[in-house]
Amino acid sequence: MRIATWNINSLRARMDRVLAFLERHEVDVLALQETKAKPEQLDLAPLEAAGYEVAAHGLNQWNGVALISRVGLTDVRTELPAAPTFPEDETGMVEARALGGVVAGGLRIWSLYVPNGREIDHPHYAYKLRWLEALRAEGARELAADPDARVALVGDFNVAPLDEDVWDMEFFEGKTHVTEPERAAFRSVVEAGFSDVVRGDHPGPGVFTYWDYQKLRFPKREGMRIDFVLGSPAVESAVTGSFIDREERKGKGASDHAPVVVDLSF
DNA sequence: ATGGTAGCGAAGCTA
């Protein structure tokens, strides 16, 4: 089974890229972030013609999350995101940041869009830390109930866990994504039992998943590693390979994030 | 400190 996560920065603007990506890599389940569309705004005909469906989509906040899956492969359990445990953002749209589904074989996959945090002194930064703590608690709860649970936490974490995950630490001094509280919150999720299943095969420095549109960051190779696939022990032991599809950041109409792809064999 | 780019939706906000 091949799963992927991709901050798409508007699903409508990039539906053609999504379709080509799914087919080129034969992806089974794709978690999307920043869909920036209401479900009813999407033209799903091309997806369905290719054998895919939107298994789930965050309801109506711009920065929505979604799961695209081969038809019939993913059963969305609305209780899975455990939304009540997640803090609400100022719009009250909790479900638009975390959405989970059960894929055939019992894999639970969550598409996560961690709050950006904006500035360190902005209330959104504290919200980001609370949100990550809620994620940790929910993940820990799932593994306490079943240590062998197949759970993948995937998405845009908006945290660069290591210094080598940004192109220049000096640039990020005083900025979000690299602060110790954010990194500690990320590590807490890992320590709850969800390990990065990509980094081992694709160590840094210089291995990134995001490059700002501005200032020629991509051609200058000035990026950040902030998109992750974190797997429970059962998922980690099922990983047979992974890659970051840097090609998707190239060309006209690219998202500012590249997809992260992981192969699993249970 | 500013502005640079992109998306949405029709001005300004978010990233």
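The sequence lines fix the lettering, A, B, ..., with proteins before strands; numbering per chain opens at 1.
- In terms of position along DNA chain B, the nucleotide closest to A:R217 lies nearer the 5' end than the nucleotide closest to the other residue of the pair A:Y213 and A:R217.
- In this entry the distance linking CD of A:E34 with P of B:dC8 reads 11 Å, nearest Å.
- Taking atom NZ of A:K252 as the reference point, atom C1' of B:dG7 lies 14 Å away to the nearest angstrom.
- Separation of the C1' atoms belonging to B:dG7 and B:dA11 is 14 Å when rounded to the nearest angstrom.
- Remark: P of B:dA6 and CZ of A:R12 are 18 Å apart, rounded to the nearest angstrom.
- Straight-line distance between the P atoms of B:dT14 and B:dG9: roughly 15 Å, to the nearest whole Å.
- Within the structure, every side-chain polar atom (N or O) of A:R14 is placed at least 4.0 Å from both OP1 and OP2 of B:dA6.
- When rounded to the nearest whole Å, the span between CH2 of A:W211 and C1' of B:dG4 equals 19 Å.
- Rounded to whole Å, the C1' atom of B:dA10 lies 16 Å from the corresponding atom of B:dA6.
- By the 4.5 Å heavy-atom criterion applied to side chains, A:K128 and A:N116 are not counted as neighbours.
- OP1 or OP2 of B:dA15 has at least one side-chain nitrogen or oxygen of A:R118 nearer than 4.0 Å.
- Taking the P atom of each, B:dG12 and B:dA1 are spaced 22 Å apart, rounded to whole Å.
- Per the geometry, CZ belonging to A:F171 stands 15 Å off P belonging to B:dG4, to the nearest Å.
- Comparing A:A254 and A:G117, the nucleotide of DNA chain B nearest to each residue sits closer to the 5' end for A:A254.
- Here CD of A:E247 is found 12.5 Å from CZ of A:R249. Values are rounded to the nearest 0.5 Å.
- Residue contacts for A:Y210: at a heavy-atom cut-off of 4.0 Å it reaches no nucleic acid atom on any strand shown.
- Both the sub-6.0 Å distance and the 45° axial angle are not jointly satisfied by A:R225 relative to the ring of A:F186.
- Counting to the nearest Å, the P atom of B:dA6 and the CG atom of A:L11 are 19 Å from each other.
- Taking atom C1' on both nucleotides, B:dA15 is separated from B:dG4 by 13 Å, rounded to a whole Å.
- Separating the CG atom of A:L32 from the C1' atom of B:dG7 is a distance of 16 Å, rounded to the nearest angstrom.
- Between A:E26 and A:R70 no salt bridge is recorded (no basic side-chain N to carboxylate O distance below 4.0 Å).
- A salt bridge does not link A:E34 with A:R14: every distance from a Lys NZ or Arg NE/NH1/NH2 to an Asp or Glu carboxylate oxygen is 4.0 Å or more.
- Phosphate proximity of B:dA6 to A:S10: absent, as no side-chain N or O sits under 4.0 Å from OP1 or OP2.
- Between A:N7 and the options A:V260, A:T209, A:D156, A:I226, a side-chain contact (heavy atoms from CB on, under 4.5 Å) holds for only A:D156.
- Nearest to the side-chain atoms of A:Q214 among the listed nucleotides B:dT5, B:dG7, B:dG9 stands B:dT5.
- Distance, A:Y125 OH to B:dA15 P: 16 Å, rounded to whole Å.
- Phosphate contact (OP1/OP2 of B:dA6, side-chain N/O of A:R249, threshold under 4.0 Å): absent.
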